Amino acid sequence: MNGESREGLALFGGVLGVPPKALKSPLPASRERGDTGGERTSDHMQRQLVAGRPDAWMRLEFNPIPTCPGCQEPTATRAVLDVLEEMGMEGEAILVPGVGCHSLIPFMLDLDHVMSAHGRPPDLASAIKRVLGRGAADRALPLVFTLQGDGDCIAIGAGSLVNAAARSENITVLMLNNVNYGTTGGQMSPTTPLGHATSTTPGGRTPDYGYPVRVPEMLATFQGVAYAARGAVNTPANYQKTRAYIKKAFQTQMAGRGLSMVEVLCSCPPDWHMTPLNSLKWIEAHIIPQFPLGEFKGP
Amino acid sequence: MTDIGVKKELVAGRPDLWLRMENNPIPSCPGCHEPTAMRAILEALEELDAVGDAVMVVGVGCSFAFQSMVDLDYLVCAHGRPPDGASAVKRVLKGDHVVFTIQGDGDCIAIGAGALINAAARAEKITIFMLNNANYGTTGGQLAPTTPLGHVTSTTPGGRTPAHGYPVRVPELLATFQGVAYTARGAMNSPANYQKTKGYIKKAFAAQRVSLGLSFVEMLCACPPNWHMTPLDSLKWLEQTVIPQFPLGEFKDVQGASGKTQEATR
Amino acid sequence: MARGEIVIDENFCKGCGYCSKFCARGCIEQNGDRFSPQGYILAVFAHPEKCNACGVCAWMCPDHAIEAYRLVEAQTTAHS
Amino acid sequence: MADRLFVQGNEAVAWGAVSAGCEAFFGYPITPQNEITEWFAREFPRMGRVFLQSQSETGSINMLHGAAACGVRAMTSTSGPGWGLMQEGMSNLANAELPCVVVLVQRGGPGAGTTRHAQMDYASATHGGGAGGYRNIVLAPASVQELHDFMPLAFHLADKYRNPVVVLSDAILGQMAEPLERKQLEFEPLPPKDWAVLGKAHHADGKRRGISIGQGFIPNPDFPTYLSFIDHLDKKTKQMRQDEVRFEALNVESARLILVAYGSMARACQGAMEMARAEGLDVGMLRPITLWPFPSQAIRRNIREGVQFLVVEDSLGQMVEDVETAVGERAPVHFLGMLARHEPREMGMIFPDRILEKIKEICRK
């Protein structure tokens, strides 16, 4: 992917079947944060940007983001980008996505990334951190983080995750937990809560299929894990807390204290067979009780 | 030399389940504790009268050799995959079977971490025995995830430091899973520890029999050749260096398991 | 009270409704009158007078379709 | 920097990697390649280079993926069962077009097989076992010196084509010791790795870099469609087939019988050839050095009236199929496999006199 350009991203139009033509975005093509843009409203007021697309989010001029309506993975990604911007670390950040719905997100981010095989991002991230973070004089320490789904992280990738924790790798693992396999159509994953119906547990998950895995709690038992937390983005308050967790995780990594991990609960309305708004209620009522929010191991 | 009227009674010999290999010793190194651990498991099976129902699933490592030495039905899986094989055996057989795996530490938590974690997540009614000798014995003593800090291996010639990470404590790790009924860690270095470990093994089997969930027992074993020690020194090393980093005891025993254990034992 | 304004990128909106749910002041509506080019029911900035530029709608929009602005008195130094 | 050492084949691999400028090694213990992993564990940290022991071969190959994406020369080594676990990664590395080197020290299969010597991984190394559609250059050294020399070559070819390269050793070569002359090999200059992922702040043009295993699946400016990516792979594969075929031919011009063998078996065959020629038999030998691309042309060029081929492999016959394909119906192809080991035990080897017996048997007919 040499010389990748923004124009190339219009190619997603081919994927989504939308003709790339004159749909004009009302947003200015480029702007600076806090820039008034010279635009004045009629009553001599000026506009100041409060919250927009994060700068690292590349514009897809002709298309929406290729996720389902109400999917919160881009929301979780926004929290990550906000933190990167706050820390001024966008230039040193290397993102390692796995395979799942979130695999598409890095293509839209203006960050260096290496896509991994299903479940293996901790392996790649370990190697990248050790190769680039050798204390060479000509570069700052890289900020290496993975972006994984729940299936990627703890089903197919459990071995990689556990052993990265055992080796106390200085990386950050971000797990977007939508409690099922979203990409393949909503099958049971190890994090599916009891009672949650999926296409492979049509009557709802029962203890016969085991119990949901609580990853931050599990990782907190490792001596080599420095930070483990679980957040959600279903309300503005939870969003802000999650953002704080991610920031702490990144700071833990930059301080070289060991592996840091943040799980983010995300909604998946189509595979839960719910409207987006009902899915937020479902998170509040059925998922958070089985996956308590908070920090489980901290600096 | 027995007097008339006095009968010789065997107190301890080879377990009945140990297949006699008349002309050969057991193919493990002098001082290796893995056959001791196997003896504890076999005795526990006999005491629980579970021999006929037992299926052993073996991984790859020094414990690989048990397949030819133990008079039990067995299945050998790929490196690290015995929890997968055992899960299927338990679910397919459906009856009152006692399905257990024998794995080394590398097999169990390095290459097989994914299989182990997901068997725990599925709350499989199987028992997993991890024989922890703190290194990769079969391939010549390399670093394992369970190598204690300071321990010299052939891939950490200066001793394990935090740069290589910290040793994984598997029973403590598994205890966080809702689907895990019983976890414990025993050692083979003294008669007292042997007896305690056998108790843990029996509880683990009992938890499986009453379908409480996955049960797990780690057994600390000496590996004199790869530790570059005499067998006796290796016992001291186990006592002084390994056990302080791997505390012995039970880490999870879901409510009622102990009570039901007695019942199942009877 | 601070005054605000939001801009919804209609090409990006997928009509999930999170913005209107989390707008504490009820500025955003989805009344089914307007559709995006992809056919989603658009969120509409129906009550600009109520907006206080908190930015929550923009955070909670998974599709990054919203930009929220605060309205401030025009500076004399600002370009005209 | 030429200096002479007396080392095992497995250590020669490590010295070769060092002279190639390898910066990172990721490994997992498996017999019979442990000496490689242990050498790197001992020496690399001292050199300020990266050594990391993975949790499995799946981990090794994916760590290699990460290191290669950073643009450094990185390698791993394994044996048969580990090679099986690496197939996923090999396919992904080929899709992501990442250069790296895998040293495969063969042992007996299938399954866990035996830790003793055999040549059982020819087919999976040359024809691949991951998600299909990729090709790797496979180099087959036959001496400790070549184990050293082929490492810089392998890294060079990997960088040249942005493709993984396999060095196919075996337990005999890995465990035997021979004199080794350490030297720096020179190759044509390579383009800079401006695709490497380093963090956005570290690129001259300020644009991001991305490495994907979904090239062709997820469009990018270089490959907007799947077929455009496949077309690129096709060109690359054809160029490798055209430019990278390597082999060694001994006395083939006039030979009535041509031996075909690679790796440790090529050495046994060379001995057998010399013994046969001393007895007046007109025997030649052709040793493929690249197993893929396979030197089919070289074999075809030597088909003349009355010529026959004898393939010797320490397996049940894998390369023989490629020789048969190259020869077709135009000459008889004979085979001598691992069942011809000199004693019916797993430690046995195929010795030159056993090959000579077979040569005589063929020539007598």
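Note that these values count all heavy atoms, side chains included, but never hydrogens, waters or copies made by symmetry. To find a chain, count down the sequence lines: A is the first, B the second, and so on, and within it residues start at 1. Just so it is clear, the model here is predicted, and its values are computed rather than measured.
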Relative to chain D, which segment of Ala117(A) carries a heavy atom at a distance below 4.5 Å: side chain, backbone, both, or neither? both

Among Val96(A), Asp112(A), Leu124(A), which residue forms the greatest number of heavy-atom pairs with chain D at distances under 4.5 Å? Asp112(A)

Is it the backbone or the side chain of Ile61(D) that comes under 4.5 Å from a heavy atom of chain A, or both, or neither? neither

With no hydrogens and no angle check, is any side-chain donor or acceptor of Arg134(A) less than 3.5 Å from a backbone partner on Gly48(D)? yes

Any donor-acceptor N/O pair, Lys200(D) side chain to Asp110(A) backbone, under 3.5 Å: yes

Identify which part of Ile94(A) has an atom lying under 4.5 Å from any heavy atom of chain D, answering side chain, backbone, both or neither. side chain

Please check: side-chain N/O of Asp123(A) versus main-chain N/O of Met63(D), any donor-acceptor pairing under 3.5 Å? no

Let me see the working for Val131(A) and Glu23(D) under side chain to side chain contact (heavy atoms under 4.5 Å, CB included), right down to the final yes or no. CA-CA 8 Å; Val131(A) 167; Glu23(D) 283 285 317; over 6 Å; no

What's the spacing between Arg167(A) CZ and Gln55(D) CD if we round to 0.5 Å? 5.5 Å

Nearest-0.5 Å distance, CD1 of residue Ile211(D) to NE2 of residue His113(A): 8.0 Å

Under 4.5 Å, counting heavy-atom pairs only, tell me which of Gln53(D), His203(D), Arg49(D) racks up the most with chain A. His203(D)

Side chain to side chain, Leu111(A) and Arg208(D), heavy atoms closer than 4.5 Å: no

Contacting region of Val72(D) [heavy-atom separation from chain A under 4.5 Å]: side chain

To the nearest 0.5 angstrom, please state how far the CD atom of Glu92(A) sits from the NE2 atom of His202(D). 3.0 Å

Among the options Pro142(A), Ser160(A), Pro97(A), pick out the one with the most heavy-atom pairs lying under 4.5 Å from chain D. Ser160(A)

Does a sphere of radius 6.0 Å around OH in Tyr226(D) hold more than 12 heavy atoms from other residues, nucleotides or ligands, not counting ones at 6.0 Å or beyond? no

Greatest number of heavy atom pairs closer than 4.5 Å to chain A - which of Asn95(D), Val50(D), Leu198(D), Thr225(D): Leu198(D)

What part of Pro121(A) is in contact with chain D, defined as an atom under 4.5 angstrom from a non-hydrogen atom: side chain, backbone, both or neither? neither

Which atoms of Ile213(D) approach chain A - backbone, side chain, both or neither, heavy atom under 4.5 Å: both

Side chains of Ser126(A) and Leu52(D), heavy atoms from C-beta outward: is any pair under 4.5 Å? yes

Ignoring hydrogens and angles, tell me if any N or O in the side chain of Arg130(A) forms a donor-acceptor pair with the backbone of Ala67(D) under 3.5 Å. no

Looking only at Leu109(A), Val144(A), Leu95(A), the option with the highest number of non-hydrogen pairs under 4.5 Å against chain D is Leu109(A)

Counting only non-hydrogen atoms closer than 4.5 Å, does Thr58(D) touch chain A with its backbone (N, CA, C, O), its side chain (CB onward), both, or neither? both

